[in-house]
Amino acid sequence: MALRVYNTFTGEKELFVPLTPGKAGMYVCGVTVYDYCHIGHARAGVVFDIIFRYLKYAGYDVTYVRNYTDIDDKIINRANQEGTDYRTIADRYIAAFDEDMARLGLEKPTIEPKATDHIGGIISIIETLIAKGHAYVSAGDVYYAVETFPDYLKLSGRNLEEMQAGARVEVGDKKRHPMDFALWKGSKPGEPWWQSPWGDGRPGWHIECSAMSMEFLGKTFDIHGGGKDLVFPHHENEIAQSEGANGCQFVRYWLHNGFVNINAEKMSKSLGNFFTIREVLKKYDPETLRFFILSAHYRSPIDFSDQNLDEAQSGLERIYACLAALDDVLSTHPPLSEMTEADNLSPVGQELQEKAHQFISRFVESMDDDFNAAQALGVLFETVRAANRFLAEMKDATPHTLALLATVRQLFVESGSVLGLFTTAPALWLEGIKSAKAGQIEIAPEEIERLIEERAAARAAKNFKRGDEIRDLLLAQGIQLLDSAQGTTWDVK
RNA sequence: GGCGCGUUAUCCAAGAGGCUAGGAGCCGGUCUGCAAAACCGUUAACGUCGGUUCGAAUCCGACACGCGCCUCCA
């Protein structure tokens, strides 16, 4: 068992060797809290959630820090628009973020610091950078002098000349070099401010992450994550700040998740083609959204569309239906013992036993390979098929077959705890999906029930023509009748 | 323009030199009065052209197409 992770810095998968054996320090850029989160945030949240969970599962003592950037131009702009103060805006969207992430089933990080609680640390790093000649004061602002840091742009693999050629960076008279970036911004009247050696002001974007990561994880730590779009400039600037101030390596492994696309184009605030998490969750179950995110590798782009979400839901339903069937058998015949040795199992039973035996090692192998959740889901589906086959042919439950089924059920609990799936009782989840769909139909459930009764009567009288008529009538309204030995139920197509 | 990534069957999506990925769908079967649902089975692919190799989706090169970053972004 050896975890390998793709490091943006080297562009290769590397063996994960933590700084301190048995421990892992991870910092992930959270959000700037000025608006509701979109599904791009959902992806980043879910991706690093399973990375956090898997590191713990693999036995590491993980310290996971995810920040809130609660002071920034955008927050101030928003506050001005609404005629309120920045704190009101920040607190509102912190609460909204927490709510959205909780609905997506994210575990709480170890620490969730706020930038404004770390102004002291921020000032202290800036002072060090000035003392070391990496930063300079200019008319109440402080800027980082990128030319003093030879490794600048080493993460994104660019160079300063190239950047300037295509960039439309304004050569402000306050900056010495157009690529210099603000560490501290003097406050204008009416803006929030903190006291500093350079006058009243507020931190620039980037410096808060250097300060908070150092505070909780030290000068050097294992994993730093975030969306691909943060590679430049955010993470590049963090490196310049932290390594410039501390004179040692900042981060050992840089992990970046891919984008969410809409119609094969990047979704973003600036393009205006984004969906908020809460919009999406009105239509889709949170676990469906999570399952959709996990169905592709975290570094690949994923295309968000109704069709893809519908497919994700079908796939998840398949697993849940199998789990419900397992629960059904196990609740009526509680297993007496742990799994015993194979006693004349059928070939189908042997296949299931085989799948159960290999399950964890195959799951771990997938996750060890740069958190390949999509491949891990393949392992789950193969097990579902084997279990369904077994259930279909199982006549009576022997202690051994029950123990086998209980083992299989437990494997889904275990893998589900890493993937953040199957947290709901299967029967309940399936019921939830059904009633969510029922909310979208026109016809009243009482009317459906009445027609079902009428159809049952017609069928009892062998009047199949009338019976089929009713069936077609309901189908035209999106109501699918499900006949079974126990009677007729219905579902929304 | 610079840098980087991708192209896998009808669609989504893993895999990265020889080993059944998987899901949705199609089709076939079981069930059913007939269907549907469910379950089972089954099908098919590696952008194009060259090269390396006993063997290439997989490695190398060229080309085509698509995308991303270079400006706030997860």
Side-chain angles (χ1 to χ4, degrees), chain A residues 8 11 28-32 34-35 37-48 72-74 77 153 156-159 161-170 179 205 225-234 256-261 264-271 274 291-292 295-297 299-303 305 307-319 321-322 325 348 362 366 369 372-385 387-389 391-393 459 462-465 467-468 471-472 474-475 480-485 488-491 493:
Chain A
T8 305
V28 173
C29 291
V31 283
T32 300
Y34 71 101
D35 204 350
C37 290
H38 55 65
I39 49 179
H41 297 110
R43 185 178 196 193
V46 167
V47 161
F48 288 102
D72 174 85
D73 288 353
K74 287 199 187 116
N77 289 343
L153 304 180
S156 49
R158 310 162 199 275
N159 62 59
E161 292 74 49
E162 278 169 13
M163 295 288 289
Q164 287 175 81
R168 27 176 253 253
V169 185
E170 278 186 38
M179 294 295 290
W205 182 46
K228 221 172 190 162
D229 46 352
L230 296 182
V231 174
F232 181 87
H234 187 54
H256 294 99
N257 65 275
F259 294 130
V260 175
N261 291 159
E265 289 220 316
K266 177 187 170 181
M267 181 190 76
S268 77
K269 299 288 287 225
S270 45
L271 292 174
F274 64 94
F291 187 88
F292 165 67
S295 68
H297 187 91
R299 283 189 282 117
S300 313
I302 49 171
D303 208 37
S305 68
Q307 190 196 325
N308 288 348
L309 267 285
D310 287 341
E311 281 189 11
Q313 179 157 306
S314 300
L316 187 56
E317 272 185 88
R318 179 173 159 83
I319 298 177
C322 175
V348 170
R362 293 220 288 153
S366 301
D369 185 13
N372 195 336
Q375 191 174 63
L377 289 179
V379 177
L380 302 215
F381 275 113
E382 284 183 40
T383 310
V384 163
R385 174 155 36 87
N388 281 336
R389 284 179 64 170
L391 287 170
E393 70 148 36
R459 291 177 71 206
K462 302 268 186 223
N463 183 359
F464 294 121
K465 185 164 174 286
D468 292 353
R471 185 171 69 199
D472 294 343
L474 284 169
L475 192 62
Q480 182 90 71
L481 293 185
L482 307 171
D483 291 332
S484 77
T488 301
T489 57
W490 56 275
D491 202 350
K493 197 168 169 64

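Here is how names work: the chains are called A, B, and so on, in the same order as the sequence lines, proteins then strands, and each is numbered from 1.
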| message | Could you check whether A/T488 and A/D483, counting side-chain N and O atoms only, form a donor-acceptor pair closer than 3.5 Å? | response | yes
| task | Determine the contact category for A/R459: base if any of its heavy atoms lies under 4.0 Å from a base atom, sugar-phosphate if only primed atoms, P, OP1 or OP2 are that close, otherwise nothing. | result | base
| task | Check whether any side-chain N or O of A/R362 sits under 4.0 Å from OP1 or OP2 of B/A14, and answer yes or no. | result | no
| request: Please state whether the base of B/C34 and the side chain of A/R471 form at least one donor-acceptor pair under 3.5 Å? | output: yes
| Since syn is defined as within 90° of 0, does B/A62 count as syn or as anti? | anti
| said: What's the closest nucleotide to the side chain of A/F232 if the choices are B/C70, B/A14, B/C40? | reply: B/C70
| said: For the P atoms, the ones on B/G29 and on B/G68, what distance do you get once it is rounded to whole angstrom? | reply: 46 Å
| said: Applying a 4.0 Å non-hydrogen cut-off, can you work out what A/D73 is touching in the nucleic acid: base, sugar-phosphate, or nothing? | reply: nothing
| task | May I ask you to verify if any side-chain N or O of A/R158 is less than 4.0 angstrom from the OP1 or OP2 atom of B/G4? | result | no
| task | Once you apply the 3.5 Å cut-off to both distances, tell me the Watson-Crick or G-U wobble partner of B/G47, or none. | result | B/C63
| query | With centres under 5.5 Å and planes under 30°, do A/F464 and B/G33 count as stacked? | reply | yes
| How many Å lie between NZ on A/K269 and C1' on B/U71, as a whole number? | 17 Å
| query | Ignoring hydrogens and angles, are the base of B/G33 and the side chain of A/D468 linked by a donor-acceptor pair under 3.5 Å? | reply | yes
| remark: To the nearest angstrom, the CG-P distance between A/D229 and B/C70 comes to 8 Å
| request: With heavy atoms under 4.0 Å as the rule, sort A/N257 into base, sugar-phosphate or nothing. | output: base
| query | Is A/D468 salt-bridged to A/R459, going by a charged N under 4.0 Å from an acidic O? | reply | no
| said: What contact category does A/D303 fall into here, base, sugar-phosphate, or nothing, at under 4.0 angstrom with non-hydrogen atoms? | reply: nothing
| query | How is A/V379 classified with respect to the nucleic acid when contacts are heavy atoms under 4.0 Å: base, sugar-phosphate, or nothing? | reply | nothing
| query | How long is the line joining CG of A/N159 and C1' of B/G4, in whole Å? | reply | 14 Å
| message | Using the side-chain heavy atoms of A/F381, tell me which of these nucleotides is nearest: B/G22, B/A14, B/C12. | response | B/G22
| Contact class for A/S300 vs. all strands (heavy atom < 4.0 Å): base, sugar-phosphate, or nothing? | sugar-phosphate
| task | Go through B/G15, B/G68, B/A74 for me and flag the one nearest to the A/E265 side chain. | result | B/G68
| Which nucleotide, in any strand shown, forms a Watson-Crick or G-U wobble pair with B/C3, with both distances under 3.5 Å? | B/G68
| message | Counting the atoms with a prime plus P, OP1 and OP2 as sugar-phosphate, which does A/G45 contact under 4.0 Å by heavy atoms, base, sugar-phosphate, or nothing? | response | nothing
| said: Whole angstroms only, please: what is the CG-P distance between A/D35 and B/A74? | reply: 10 Å
| Could you state the CD-P distance from A/E382 to B/G23, rounded to the nearest angstrom? | 8 Å
| For the pair made of NZ in A/K465 and P in B/A35, what is the distance, rounded to whole Å? | 19 Å
| field | Whole-Å distance separating the NE2 atom of A/H297 from the C1' atom of B/A14 | value | 10 Å
| query | So what does A/G40 touch, heavy atoms closer than 4.0 Å: a base, only the sugar-phosphate, or nothing? | reply | base
| field | Nearest-nucleotide pick for A/Q307, side chain only, options being B/C11, B/C34, B/C39 | value | B/C11
| task | May I ask you to verify if any side-chain N or O of A/N388 is less than 4.0 angstrom from the OP1 or OP2 atom of B/C40? | result | yes
| request: Output the single nucleotide from B/A74, B/A36, B/C12 whose closest atom is nearest the side chain of A/F259. | output: B/A74
| Nearest atoms (heavy-atom pairs only) where A/H256 meets A/R299 | O-CG, 3.5 Å
| remark: Taken to the nearest whole Å, NZ/A/K266 to C1'/B/U71 is 10 Å
| task | Would you indicate what A/S268 reaches in the nucleic acid, counting non-hydrogen atoms under 4.0 angstrom: base, sugar-phosphate, or nothing? | result | base
| said: Heavy atoms only, 4.0 Å cut-off, all strands: where does A/A374 land among base, sugar-phosphate and nothing? | reply: base
| task | Just compare B/G23, B/C40, B/A74 and give me whichever is closest to any side-chain atom of A/E311. | result | B/G23
| Check: A/I319 and A/F291 side chains under 4.5 Å, non-hydrogen atoms | yes
| message | Applying a 4.0 Å non-hydrogen cut-off, can you work out what A/R385 is touching in the nucleic acid: base, sugar-phosphate, or nothing? | response | sugar-phosphate
| query | Which nucleotide, B/C12, B/A74, B/G41, lies nearest any side-chain atom of A/L230? | reply | B/A74
